[in-house]
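Residue numbering restarts at 1 for every chain, and letters A, B, ... go by the order of the sequence lines. These numbers were taken from a predicted model, which means no experiment stands behind them.
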Amino acid sequence: MKKTMYEKIWDSHLVVEAEGQAPLLYVDRHLMHEVTSPQAFEGLKLSGRKVRNPHSILATMDHCVPTKDRDKPIADPIAKKQIETMADNCRDNGLNLYDMKSPNNGVIHVVVPEHGFVHPGMVVVCGDSHTATHGAFGALAFGIGTSEVEHVMATQTLPQKKSKTMLVQINGALSKFSSAKDIALAIIGKIGTAGGTGYVIEYAGSAIKDLTMEGRMTLCNMAIEAGARAGLVAPDEKTYEYLKGREFAPKGADWDKALAYWQSLPSDPDATFDCIITLDAAEIAPQVSWGTSPEQVIGVDATVPAPESFSDEGKRKACESALTYMGLAPNTKITDIPIDFVFIGSCTNGRIEDFRIAAEVAKGTKVAPGVTAIAVPGSYHVKEQAEAEGLDKIFIEAGWEWRDPGCSMCLAMNGDELKKGQRSASTSNRNFEGRQGKGGRTHLVSPAMAAAAAAAGHFVDIRNL
Amino acid sequence: MEPYNKHESIAALMNRSNVDTDQIIPKQFLKKVERSGFGAHLFHDWRFNDDGSDNAEFELNKPIFNGAKVLVVGDNFGCGSSREHAPWAIADYGFNTIISTSYADIFYNNCFKNGILPIVVSKEQLDTLMAEISANEGVSFVIDLAEQKVTTPGGNGFTFDIDPFRKGNLLNGLDDIGLTLLHADKIDQYEQGHKQSYPWLWA
């Protein structure tokens with residue numbers, strides 16, 4: 001039978017499918033951070049169970065960590081306790097932790113690929129919805145809840161329902177000014193935040209082949225914003241090239257065995273998908289979200305939609321309430337929307353290539369009066385690399401703050417946040433009400449678009465720069 | 001986990017779609033290392049005014065919904081972050097049943113781990129139930145999981161589908177980990193094969 005990549009990974013990880021029970025899937029890699037794990041460790045301890053395979057786990061601290069003054073104690077006592085609890089739990093269970101002081105520290109979904117911890121064909125989980133990122137390597141990677149974190153620690157398996165398969169085919173070539181972020185937003189704009197519910201998405205087509213590994217991570221990262229369980233890209237030469245030589249990548253004879261396996265993973269040519277969506281890459285303009293859901297997104301050359309333009313009553317009401325929250329009038333040109341804050345970073349856009357393109361746009365500019373702009377590398381390794389290339393100087397000379405790594409303003413748990421009514425251009429993944437601070441207004445964009453907005457004080461069509 | 005028993009309860013109405021987990025439990029409450037006490041912060045930013053007083057405009061602050069165990073909500077409930085703090089907050093507040101047309105995937109799974117029954121209905125059914133509550137606020141529904149049936153005084157009752165495995169676990173209050181460990185020999189066996197096939201994963 002012809003199989004999709006998802007079906008191949010599923011079949012090779014099926015431990016048992018007992019009558020009347022959900023199939024049990026084997027888990028190869030378990031990623032952890034400080035926010036969604038403490039209650040799982042507590043549960044494990046209370047039931048007298050142990051971590052079955054400590055080597056399958058890699059942990060970091062990212063959500064709560066400060067991105068400046070890292071040498072001082074954490075001011076927030078509750079965050080401090082969470083950080084300390086993570087360190088205790090990892091020590092007690094013999095887990096590999098990149099703590100705040102480690103040169104390997106950073107955002108979990110940035111750090112894990114840097115060390116080659118995820119390979120094609122694996123099943124990867126983390127108590128974090130953006131685990132979908134690792135689908136860029138052709139791994140089945142998805143977010144789980146804290147009870148499931150405990151379940152995986154205790155059993156190395158997870159009861160799972162098989163998903164349907166969706167092929168998102170992006171043909172043609174992306175224009176110079178659009179990026180993986182714009183593809184991700186355009187897809188969500190097309191199918192909606194529930195469009196992928198019940199599916200695993202496989203991204204294919206020439207525009208996906210052309211993306212770098214970083215770009216594929218950005219794309220798969222946002223599969224969850226389309227409601228999908230996971231996103232996948234077939235592994236190819238770029239994938240193997242990226243992995244080769246990294247700390248946890250196979251070595252010597254193992255490399256050849258692994259490579260042969262990886263090359264067997266792509267979907268068979270005439271495998272059947274439950275649903276197929278097609279987009280033309282050339283038509284994807286740089287995207288800007290205007291509302292409070294990632295599906296409320298539009299090209300930078302467009303205007304804010306009016307509620308009347310939606311025929312569906314639910315969407316009309318959602319538009320009305322989003323415009324009220326966002327303080328926007330219908331038909332405002334996107335390029336006329338002023339901003340107060342710019343954030344470049346997160347597991348979506350906190351990798352080296354994101355800072356390269358943003359620095360290219362920021363070079364020789366100044367942050368507009370009244371605007372605060374922060375660049376938050378996804379990891380210390382990204383930070384070092386950027387500094388080696390002199391990117392930090394470009395940002396600092398342009399009036400940006402150059403920070404230490406962490407999730408920072410993507411979810412604003414660590415004190416980096418918008419004040420009520422402030423408006424941001426943000427390279428993160430969610431524009432929900434209050435996501436970046438109570439009353440804060442978030443517009444999701446690519447790194448290049450964010451850098452251009454910082455200099456202008458409003459959104460800019462970077463195709464006209 | 002407590003077994004899920006048949007019950008009759010007030011059904012509270014929240015006619016909003018795409019309610020995300022950032023709204024269900026905002027991030028400032030995610031720093032706790034315990035599982036309990038999240039109900040006090042459920043829907044915090046909608047529920048309370050800036051000075052900490054109750055927001056009288058917020059649906060669930062209507063006294064008539066006090067003690068409701070059933071929450072009737074719009075499409076795609078629980079989208080966004082994987083935080084299990086969301087169902088912890090919902091259960092701690094007192095809800096054990098949600099009725100909607102659709103749920104985000106991770107949230108849906110998390111409900112079952114916490115004794116919450118997420119019922120899926122059609123758009124038409126949801127509209128009818130919402131209309132019944134609007135016309136008669138404080139109305140109680142009977143939820144019978146064993147029979148997969150909801151009964152309402154307005155005669156808008158219906159039967160619903162649910163995965164039999166999940167149903168059994170909810171009804172019996174069973175712990176998933178214990179159930180999985182009944183297959184410990186199968187897991188060991190699989191792992192041996194896995195080591196042979198993918199030795200680099202174990203190097």
Side-chain angles (χ1 to χ4, degrees), chain A residues 15-16 18 20-22 24 26 28 35-36 38-39 42 47 49 55 63-64 76 78-79 81-82 85 119 122 127-129 143-148 150-151 154-157 159 161 193-194 197-198 227 229 250-251 254-255 257-258 261 293 314 317-318 411-413 430 432-435 438, chain B residues 16-18 20-23 26-28 30-35 45-46 50 74-76 79-88 102-107 109-110 113-114 163-166 168 175-184 186-187 189-191 194 197-203:
Chain A
V15 174
V16 59
Q21 294 187 14
L24 267 191
Y26 192 76
D28 298 301
V35 175
T36 55
Q39 293 88 352
E42 186 195 16
S47 54
R49 291 174 178 137
H55 298 292
H63 281 58
C64 279
D76 177 350
I78 317 172
K81 184 169 183 206
Q82 198 166 54
T85 305
H119 315 160
M122 283 180 168
D128 190 289
S129 57
I144 57 176
T146 299
S147 295
E148 292 173 313
E150 184 182 338
H151 197 118
T155 72
Q156 210 60 37
T157 65
K161 187 171 180 251
T193 54
T197 303
R229 183 121 193 93
K251 309 276 182 331
D254 276 348
W255 174 266
K257 275 186 224 160
Y261 171 58
S293 163
K317 276 174 62 182
L411 83 167
M413 268 186 85
R430 291 191 175 131
F432 297 155
E433 282 184 30
R435 173 82 177 179
K438 191 173 179 184
Chain B
R16 303 179 189 232
S17 294
N18 294 316
D20 58 72
T21 53
D22 276 81
Q23 296 311 324
K27 77 258 166 187
Q28 63 266 38
L30 304 185
K31 294 174 192 163
K32 286 168 61 136
V33 295
E34 302 86 18
R35 244 174 226 257
D45 290 357
W46 287 339
D50 287 346
D75 311 336
N76 196 28
C79 58
S81 146
S82 68
R83 60 189 70 162
E84 196 162 323
H85 311 67
W88 293 339
S102 56
Y103 304 87
D105 196 33
I106 303 176
F107 175 83
N109 289 331
N110 282 339
K113 318 280 180 201
N114 293 283
D163 175 79
F165 177 63
R166 287 180 153 151
D175 164 4
D176 270 10
I177 298 179
L179 278 168
T180 293
L181 287 175
L182 294 176
H183 301 295
K186 293 273 191 332
I187 300 173
Q189 211 180 329
Y190 177 90
E191 215 159 52
H194 202 67
S197 306
Y198 316 105
W200 61 90
L201 294 182
W202 301 84

Undergrad: Indicate yes or no: at least one non-hydrogen side-chain atom of B:Val33 is less than 4.5 angstrom from one of A:Glu42.
TA: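 Side chain of B:Val33 against side chain of A:Glu42, heavy atoms only: no contact under 4.5 Å found.
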
Undergrad: Looking only at heavy atoms, what is the nearest atom pair of B:Glu34 and A:Gln39, with distance?
TA: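 It is O-NE2, 2.6 Å.
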
Undergrad: So which part of A:Glu150 gets closer than 4.5 Å to some heavy atom of chain B, the side chain, the backbone, both or neither?
TA: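 Both backbone and side chain.
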
Undergrad: Which atoms of A:Thr85 are under 4.5 Å from chain B, going by heavy atoms: the side chain, the backbone, both sets, or neither?
TA: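 Side chain only.
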
Undergrad: Counting only heavy atoms closer than 4.5 Å, note whether B:Gln28 contacts chain A via side chain, backbone, both or neither.
TA: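 Neither part.
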
Undergrad: Looking at B:Lys32, B:Gln189, B:Lys186, B:Arg35, which makes the most heavy-atom pairs under 4.5 Å with chain A?
TA: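 Highest number of pairs under 4.5 Å: B:Arg35.
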
Undergrad: For A:Ala154 and B:Ile177, work out which heavy atoms get closest and say how close.
TA: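 Scanning both residues completely, I find the closest heavy atoms to be CB-CG2, 4.0 Å.
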
Undergrad: Can you name the side-chain contact (heavy atoms from CB on, under 4.5 Å) partners of A:Gln21, sequence neighbours left out?
TA: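 For A:Gln21, the residues satisfying side-chain contact (heavy atoms from CB on, under 4.5 Å) (neighbours in sequence not counted) are A:Ala18, B:Phe165, B:His183.
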
Undergrad: Look only at the side chain of B:Lys31 and the backbone of A:Met413, and say whether a donor-acceptor pair between them is shorter than 3.5 Å.
TA: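 Such a contact is found between B:Lys31 side chain and A:Met413 backbone.
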
Undergrad: Pairing donors with acceptors under 3.5 angstrom, does anything connect the side chains of A:Glu433 and B:Trp46?
TA: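 Note: A:Glu433 and B:Trp46 side chains meet the donor-acceptor criterion.
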
Undergrad: Minimum heavy-atom separation for B:Glu84 and A:Glu148, please, with both atom names.
TA: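 Between these two residues, the closest heavy atoms are OE1-N, 4.4 Å.
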
Undergrad: At their closest point, which heavy atom of A:Ser129 faces which heavy atom of B:Ser82, and how far apart are they?
TA: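 Answer, listing the atom of A:Ser129 first, then B:Ser82: N-OG, 3.5 Å.
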
Undergrad: Under 4.5 Å from any heavy atom of chain B, what part of A:Arg435 do you find: side chain, backbone, both or neither?
TA: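 When you check distances to chain B, atoms from both the backbone and side chain of A:Arg435 fall under 4.5 Å.
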
Undergrad: State, with a plain yes or no, whether a side-chain heavy atom of B:Ile106 is found less than 4.5 Å away from one of A:Arg229.
TA: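 A side-chain contact exists here, since the closest heavy-atom pair is under 4.5 Å.
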
Undergrad: Within the structure provided, determine whether A:Thr146 and B:Trp88 are in side-chain contact (heavy-atom separation under 4.5 Å).
TA: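 With C-beta onward as the side chain, the pair touches.
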
Undergrad: Pick one of side chain, backbone, both or neither for B:Asp175, based on which atoms fall under 4.5 Å of a heavy atom in chain A.
TA: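 Side chain only.
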
Undergrad: Please classify the contact of A:Thr193 with chain B as side chain, backbone, both or neither, using a heavy-atom distance under 4.5 Å.
TA: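 Both the backbone and the side chain of A:Thr193 come within 4.5 Å of chain B.
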
Undergrad: What part of A:Val15 gets within 4.5 angstrom of chain B, counting heavy atoms only: side chain, backbone, both, or neither?
TA: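 It is both, since atoms from each part get that close.
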
Undergrad: With sequence neighbours left out, what residues match B:Ser81 under side-chain hydrogen bond (donor to acceptor under 3.5 Å, both in side chains)?
TA: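 B:Arg83.
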
Undergrad: Rounded at 0.5 Å granularity, tell me how far OH in B:Tyr198 sits from CG in A:Asp254.
TA: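 So the gap between those two atoms works out to 14.0 Å.
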
Undergrad: Using heavy-atom distances under 4.5 Å, tell me whether A:Ile78 contacts chain B through its side chain, its backbone, both, or neither.
TA: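 Contact with chain B involves both backbone and side-chain atoms of A:Ile78.
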
Undergrad: With only heavy atoms counted, which part of A:Lys251 is less than 4.5 Å from chain B, the side chain, the backbone, both or neither?
TA: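 No part of A:Lys251 comes within 4.5 Å of chain B.
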
Undergrad: How many angstroms lie between atom NE2 of A:His151 and atom CG of B:Leu179, to the nearest 0.5 angstrom?
TA: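 Atom-to-atom, A:His151:NE2 and B:Leu179:CG are 8.5 Å apart.
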
Undergrad: Given that the side chain runs from C-beta out, which part of A:His55 has a heavy atom under 4.5 Å from chain B: side chain, backbone, both or neither?
TA: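 Contact with chain B involves no heavy atom of A:His55 at all.
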
Undergrad: Please classify the contact between A:His119 and chain B as side chain, backbone, both or neither, with a heavy-atom cut-off of under 4.5 Å.
TA: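 Just the side chain, heavy atoms under 4.5 Å.
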
Undergrad: Please classify the contact of B:Phe107 with chain A as side chain, backbone, both or neither, using a heavy-atom distance under 4.5 Å.
TA: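 Answer is neither: B:Phe107 stays 4.5 Å or more from chain A.
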
Undergrad: Do the side chains of B:Asn110 and A:Ser147 get nearer than 4.5 Å, heavy atoms only?
TA: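 A:Ser147 vs B:Asn110: side chains apart.
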
Undergrad: Please state whether the side chain, the backbone, both or neither of A:Ala194 comes within less than 4.5 Å of a heavy atom of chain B.
TA: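 Contact with chain B: backbone and side chain both.
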
Undergrad: Under a 4.5 Å heavy-atom cut-off, does chain A meet the side chain of B:Asp45, its backbone, both or neither?
TA: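 Contact with chain A: backbone and side chain both.
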
Undergrad: As an exercise: rank B:Asp20, B:Asp105, B:Asn18, B:Asn76 by heavy-atom pairs under 4.5 Å with chain A and give me the winner.
TA: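 Option with the greatest count: B:Asp20.
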
Undergrad: Measure the shortest side-chain to side-chain distance between A:Val35 and B:Lys27 over non-hydrogen atoms and say whether it is less than 4.5 angstrom.
TA: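 No; the side chains remain at least 4.5 Å from each other.
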
Undergrad: Let me know if A:Thr197 has heavy atoms under 4.5 Å from chain B in its side chain, its backbone, both or neither.
TA: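 Answer is side chain: those atoms of A:Thr197 sit under 4.5 Å from chain B.
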
Undergrad: Take atom NZ in A:Lys81; do more than 12 heavy atoms of anything else shown fall under 6.0 Å from it?
TA: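 12 or below, so no.
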
Undergrad: For chain A, which of B:His85, B:Arg166, B:Gln23, B:Arg16 has the most heavy-atom pairs under 4.5 Å?
TA: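 When all of B:His85, B:Arg166, B:Gln23, B:Arg16 are compared, B:Gln23 has the most.
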
Undergrad: For A:Gln82 and B:Leu30, indicate whether the former's side chain and the latter's backbone hold a donor-acceptor pair under 3.5 Å.
TA: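 Looks like yes, one N/O pair under 3.5 Å.
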
Undergrad: Kindly give the heavy-atom pair with the smallest separation between A:Phe432 and B:Asp22, and that separation in Å.
TA: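 Minimum heavy-atom contact is CD1-OD1, 3.5 Å.
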
